[in-house]
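What follows is a set of notes on a single structure, which appears directly below.
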Amino acid sequence: MNLTKKQSVFLIISGILLPVLCLVHLFSGEINIGFQDFIDSFFNYNHENTNQLIIRELRLPRMLMAVITGAGLSLAGLLMQTLFNNPLAGPFVLGINSGSSLFVAFSIMTGIPFLSSDLGVISSALIGAFTFGILILFFSSLVRSNVSLLLLGLMLGSFTGAIVFILQSASSSEELKSFTIWAMGSLQNTELSQLPIITFLFILGLIGSILLVKPLNTLVIGEEDAILLGVNSKTIRLFIISITALLTGLITAFCGPIAFVGLAVPNLVRITFKTQNHFTLIFASVFIGGGFVLVCDILIQLLESNIHIPINALTSLVGAPFVVLIVLKRLA
Amino acid sequence: MITFNNVSIGFNKTPLISIDSLKLNKGELYILIGKNGSGKSSLLKSIIGSQPLLSGEIIIDSKNVHSYSRIELSKKISLVKSTFPKTDYLTVFDFVALGRSPYTKSLGRLRQKDNEIIHKSLEILNSVPLINKFTSELSDGERQLVAIAKAIAQDTSVILLDEPTAFLDYSNKSLLHHTLKRIAKKTNKCIVLSSHDLELSIDTACDFLATNNKTSELTFMKSPVSKDDLLGIAFN
């Protein structure tokens, strides 16, 4: 599993592009901020200076969330696609996002004040993702074939979707509004003080994925053949689904259900890098996924004075045609 | 090497193949011959432990196949299936390298020795020129050779092959049988391949295991085997 020259060049370029986009992101937004204030906000912070406050309290969390959202969802999608040997798998298809949506819908629309608070919504999303992750894990111990499991995930998604619809039609306009806003997704709901734990959990998921490189590389030829090469597929399934639930739950909790990133980016990465070496694929997904959401969010900020586009709309707007392309290419 | 004791193989309690007692040795090539549906694939899957036996036991190197851990077993037996995985962007090198995965450390890094084994395995099957191609670009015949190279790279004392010559032309079929026979002798491996190609198999001049779907018995036939005997037992 050696890198070709082209792959190394791609990896280095995307690795350099990510921090560059992070900087561009920090400087974008309606208020122009000078270089001195930018440096001071990190090394010589004065909280009475509005510009420094904006960088540190608003833009830094938003930028980091964009990176973690893109990188984390792409990573989760990559793991799912390899586990299920299916380019159309992802945390969305498997119903892990639906778990979050269902729990959040419940917590917002029950009308109980604690549950509809920020903390309530965040914990509901996390609990939802893990509950559905565990449910999928339970299903995976019952069914042998990955296709059946994928089907079960889809069923889970439609079933919870129906419940969410019923909840929506029964809820007040105020509740409906706050659920809809959550469902649109936002990178702005995270506070500086929450960043360390979010970053820690993300890095945990990343390290976990790197430790799975060898079984992931083996799984590309199918679970049955991987077993014959000594892979303990049940344990690996458990690890993969846990990492996916952790990353998806974390991101959905803080940013809402962001669609398509987890599906589109890993496919894009495989097509451009033309490899099945997961060491390369993991880092490429992190760089390109993070970069993709940063670009989306920079675009959103550029257009903000004219039209407000929710992040979930923009990622889908770019992601959906891409999925269509993949399907058509597969058929051809 | 491989010992069968009162083995019964089949589905839903209906035995397809019964073997009272049989020993397969290192350094030999065995051809498993019989009609379609007579249980050849089931027998191979049972030897590698992925299909449960109805009764009896299969012993590999003095230990029951089911008491090996997966990783231990992957260093003992390899199986070349008749189907090839449909995976995009997987190079022949990376595919054959998977055969080394039972031996590599946790991150799967290949050492110099692994690289040498991968090249040598491809060399044995005259497939070195394919090394940088994607497996999705290969012809059916090339895929079969590469799949066998992966099994050789896995460096197991037993290699099982399910219809490995199905997509090869006649000269390559014959060449493959003789190559496998040579590998068995030279590297002291026990190789079992299934086939329903009678003429070709007889030319190979090796021991036969004949399935019969009427009697459900597996008959061991020592070389040299005549065509008529084989026809009578395996094809009624």
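Labels below follow one simple rule: chain letters A, B, ... track the order of the sequence lines, proteins then strands, and each chain is numbered from 1. Small disclaimer: the values here were computed from a predicted structure and weren't measured.
A donor and an acceptor atom, one from each side chain of A:Ser285 and A:Ser74, are nowhere located under 3.5 Å apart. The closest side-chain donor-acceptor pair between A:Thr82 and A:Arg270 falls under 3.5 angstrom.
Of the atoms belonging to A:Val213, it is side-chain heavy atoms, and not backbone ones, that fall under 4.5 Å from chain B. Using a 4.5 Å cut-off between heavy atoms, B:Thr104 contacts chain A through both its backbone and its side chain. Both the backbone and the side chain of A:Ser233 come within less than 4.5 Å of a heavy atom of chain B. Interface residue B:Lys105: only backbone heavy atoms are found under 4.5 Å from chain A. Within the 4.5 angstrom heavy-atom criterion, no atom of A:Leu212 approaches chain B. For B:Phe134, the part sitting under 4.5 Å from any heavy atom of chain A is the side chain, from C-beta outward, and nothing else. In this structure, no portion of B:Thr91 lies under 4.5 Å from any heavy atom of chain A. Of the two parts of B:Lys86, neither the backbone nor the side chain holds a non-hydrogen atom closer than 4.5 Å to a non-hydrogen atom of chain A. Neither the backbone nor the side chain of B:Leu73 comes within contact range of chain A; no heavy atom of the residue lies under 4.5 Å from a heavy atom of that chain.
Checking side-chain atoms of B:Glu72 against main-chain N and O of B:Ser69 turns up a donor-acceptor pair under 3.5 Å.
For the residue pair A:Pro266 and A:Gln81, the shortest heavy atom distance occurs at CB-OE1, 3.3 Å. For A:Gly157 against A:Ser98, the heavy-atom pair with the smallest separation is CA-OG, 3.5 Å. A:Leu73 and A:Ile251 make their closest contact through N-CD1, 3.7 Å (heavy atoms, listed as atom of the first residue, atom of the second, distance).
Note that CG of B:Leu22 is 5.5 Å distant from CZ of B:Phe4, once rounded to the nearest 0.5 Å.
With respect to chain B, the highest number of heavy-atom pairs below 4.5 Å among A:Ile221, A:Ile210, A:Leu229, A:Val231 belongs to A:Leu229.
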